[in-house]
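Every chain is numbered from 1 and lettered A, B, ... according to where its sequence line falls, protein lines coming before strand lines. Worth saying up front: this structure is predicted, and the values here are computed from it rather than measured.
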2 protein chains.
Amino acid sequence: MANGRSMQPITRKERDFARREQEILDAALSLFNNPSWEQVTVDQIAKEAEIGKGTVYKHFSSKDEIYACIALEFHERLLANFKMINHDQPVDQVMREVIRHSFTLYLDCQAHARVSLYCKRADYVERLSEVYQDKFDQVEKSFEASIGSILETGIEQGVIPKRPYHHLIIGLEATFEGAMSMIWNTDISCRSQLEQDEFITVISEYMVAGLMGLRA
Amino acid sequence: MANGRSMQPITRKERDFARREQEILDAALSLFNNPSWEQVTVDQIAKEAEIGKGTVYKHFSSKDEIYACIALEFHERLLANFKMINHDQPVDQVMREVIRHSFTLYLDCQAHARVSLYCKRADYVERLSEVYQDKFDQVEKSFEASIGSILETGIEQGVIPKRPYHHLIIGLEATFEGAMSMIWNTDISCRSQLEQDEFITVISEYMVAGLMGLRA
DNA sequence: CGAATTGTGTGACTATTGGTCATATTATGA
DNA sequence: TCATAATATGACCAATAGTCACACAATTCG
């Protein structure tokens, strides 16, 4: 519940409660690690976490809220990865790093990433409480700030065409999310590691070409 | 059911049965025309078509099969649109037309298009009967043939970098599907027509730049 | 014509699952 | 030790995908 995630746990009881919450999320994530993750039931999550179903609802007001927590944590992780990039390289190199870090994290944390993508769907956002909608809006702004400053530097250096932020980002965002969907939608078992690396290499090259190739 | 869709209806009874099938699909499509289309129930579809729920299942073995029929019809429509394009123009212009036709059709037939996108999800395909999986594979091959021949012409003319078909198509496909998701995921009410046109124009420019910008 | 057969329509029924809640259990503190 | 409060729980409810026994209509056959 909201308090559990926003305040520091003090007493033993509160620590236990907070730990249980993480256990629920971990249980959920371990079950979400496959393409049919949407079929996972709250009961299964409870069983995996070795608690009763009612207990899950003591921590999260709905299944959707579990998704939201996972997505938000993932977005923070992605943002943290972006901040680790050396911003003193040439801007095109920085953007390549951004793309590479994104693919790497999405593939390393498939469960998180799948849930995050799901949480962008209009029907999901619609039924989400305002509190969480705001949190997602906040995350969106952080990304805009993070990538925006890189692109701005690029524009100043004349490496990136002089266009409003949204013109520059929408193509990259669309391609990235479409590409991840394609990777997940292709039966993993019939795709060799080499093929996947090749896929990502080609997509990345295309993304950079698309970005740089816009008319200034 | 399978026969209904593959043979010509002869008797009065068969014609009625076939018409009812189309009525069910039309009812479904009219209800699918909003972002929460996945919440539409079989009962609602039956009510909209003014029949009992059981009757729906006389025509389609599952809700998923309704989706499949809608998606397959849509893909045929898209292919037909591609065939209408004048292939004698310069190849880059043909590709721009392909992209434009795709966006136009996806926006004109949002219900069909949403369902089609849904039908690419791995978990959906997994639970689909082999018959329908094969049909989707067939459609995939048709698209590959259609676009592939355009790209090949482009390579011969030196307009498109000499790369295997998959290298050329994956970026376009990823961007297009990601872009449509973004359009649908953004609350329609808070997006003006102008913004949407601008979005598509920019994305199209980016797609062409990405395609042409690959190293030969 | 009437009976039999075949195909179609139907809604009550089942199974599953997200979410609720009264009750049981446990921890804390006087 | 007992009272109070916080937490855990699974029986329960509501919604919904899918089933099925039966009703009904049309077509065929005697």
Side-chain angles (χ1 to χ4, degrees), chain A residues 1-5 7 9-24 27-28 31-32 36-70 115 118-119 123-124 126-129 132, chain B residues 1-5 7 9-24 27-28 31-32 36-69 115 118 123-124 126-129 132:
Chain A
M1 45 190 50
N3 337 1
R5 279 186 289 280
M7 347 171 99
I10 304 297
T11 69
R12 158 76 177 279
K13 219 173 182 176
E14 285 169 331
R15 267 201 313 281
D16 281 356
F17 192 80
R19 185 170 54 227
R20 176 136 298 177
E21 190 160 305
Q22 192 55 53
E23 282 170 2
I24 294 170
L31 294 172
F32 288 170
S36 304
W37 69 275
E38 278 188 64
Q39 315 297 324
V40 172
T41 69
V42 176
D43 235 344
Q44 282 175 277
I45 296 173
K47 290 277 189 305
E48 178 76 18
E50 296 175 288
I51 56 174
K53 181 164 71 156
T55 308
V56 172
Y57 284 92
K58 279 286 197 292
H59 292 263
F60 302 94
S61 71
S62 68
K63 206 184 180 190
D64 280 345
E65 201 174 303
I66 298 180
Y67 293 162
C69 287
I70 291 174
V115 174
Y118 176 89
C119 291
D123 59 325
Y124 172 82
E126 199 171 352
R127 52 180 196 266
L128 203 59
S129 75
Y132 277 93
Chain B
M1 45 189 51
N3 336 1
R5 277 185 291 279
M7 340 170 107
I10 304 296
T11 70
R12 160 77 176 279
K13 218 173 182 177
E14 284 169 329
R15 265 200 314 280
D16 282 356
F17 192 79
R19 184 171 53 228
R20 177 135 294 180
E21 191 160 303
Q22 193 55 52
E23 282 169 4
I24 295 170
L31 295 171
F32 289 170
S36 304
W37 70 275
E38 279 188 63
Q39 316 294 327
V40 172
T41 69
V42 176
D43 238 342
Q44 283 176 275
I45 296 173
K47 289 277 189 303
E48 178 76 20
E50 297 177 287
I51 55 175
K53 180 161 72 153
T55 308
V56 172
Y57 284 92
K58 281 284 199 289
H59 291 264
F60 303 94
S61 70
S62 68
K63 207 183 179 190
D64 280 345
E65 203 174 300
I66 297 180
Y67 294 161
C69 287
V115 174
Y118 176 89
D123 60 323
Y124 173 82
E126 199 171 352
R127 50 180 197 266
L128 204 59
S129 74
Y132 277 93

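For B:Gln39 against B:Gln44, the heavy-atom pair with the smallest separation is O-OE1, 3.8 Å. Here the closest heavy-atom approach between residue A:Tyr57 and residue A:Ser62 is recorded as CE2-CA, 3.9 Å. Summarising the geometry of A:Ala68 relative to A:Cys119, their closest heavy-atom pair is N-SG, 4.2 Å, with the distance given to 0.1 Å. Minimum heavy-atom separation, A:Ile24 to A:Val56: CD1-CA, 4.1 Å. Nearest heavy atom pair, residue B:Ile66 against residue B:Ala28, reads CG2-CB, 4.2 Å.
Straight-line distance from the CZ atom of A:Arg19 to the P atom of D:dA8: 11 Å, rounded to whole Å. Distance OH (A:Tyr67) to C1' (C:dG19): 14 Å, rounded to an integer number of Å. Residue A:Arg20 contributes atom CZ, which lies 12 Å from atom P of C:dT26 at whole-angstrom precision. In this structure, B:Glu21 places its CD atom 15 Å from C1' of C:dG9, rounding to the nearest Å. In this structure, B:Phe17 places its CZ atom 11 Å from P of C:dG7, rounding to the nearest Å. Atom CZ of A:Arg127 and atom C1' of C:dG18 are 11 Å apart (whole Å). When the P atom of C:dG18 is taken as reference, atom CD1 of A:Ile45 falls 8 Å away, rounded to whole Å. Whole-Å rounding puts the B:Ile24 CD1 to C:dG9 P distance at 8 Å.
Residues satisfying the side chain to side chain donor-acceptor pair (under 3.5 Å) criterion with B:Glu23, sequence neighbours excluded, are absent altogether. With sequence neighbours excluded, the residues satisfying side chain to side chain contact (heavy atoms under 4.5 Å, CB included) with A:Glu126 are B:Ser36. For A:Tyr124, the ring-ring contact (aromatic ring centres under 6.0 Å, His included) test picks out A:Tyr118, with sequence neighbours left out.
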Considering only nitrogen or oxygen atoms on both sides, find all protein atoms under 3.5 Å from nucleotides 15-17 of chain D and state each distance.
| from | atom 1 | to | atom 2 | distance (Å) |
| --- | --- | --- | --- | --- |
| D:dA17 | OP1 | B:Lys63 | NZ | 2.9 |
| D:dA17 | OP2 | B:Val42 | N | 2.9 |
| D:dA17 | N7 | B:Lys53 | NZ | 3.2 |

Between protein and nucleotides 22-28 of chain D, what N or O pairs are separated by less than 3.5 Å?
none

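Note on the helix from C:dC1-D:dG30 to C:dA30-D:dT1: terminal axis deviation equals 30°, with five pairs used at each end and the result rounded to 10°.
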Subject >> ring pair (Phe, Tyr, Trp, His ring centres under 6.0 Å) between A:Tyr67 and A:Tyr132, intermediate numbers included >> reply: CA-CA 11 Å; A:Tyr67 293 162; A:Tyr132 277 93; over 10 Å; no
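Salt bridge B:Asp16/B:Arg20: absent, no basic N to carboxylate O contact under 4.0 Å.
When each of A:Val40, A:Thr41, A:Val42 is tested with A:Lys63 by the rule side-chain contact (heavy atoms from CB on, under 4.5 Å), just one qualifies, namely A:Val42.
Between B:Thr55 and C:dT8 there is no side-chain polar atom (N or O) within less than 4.0 angstrom of OP1 or OP2. The phosphate of C:dG9 has OP1 or OP2 within less than 4.0 Å of a side-chain N or O from B:His59.
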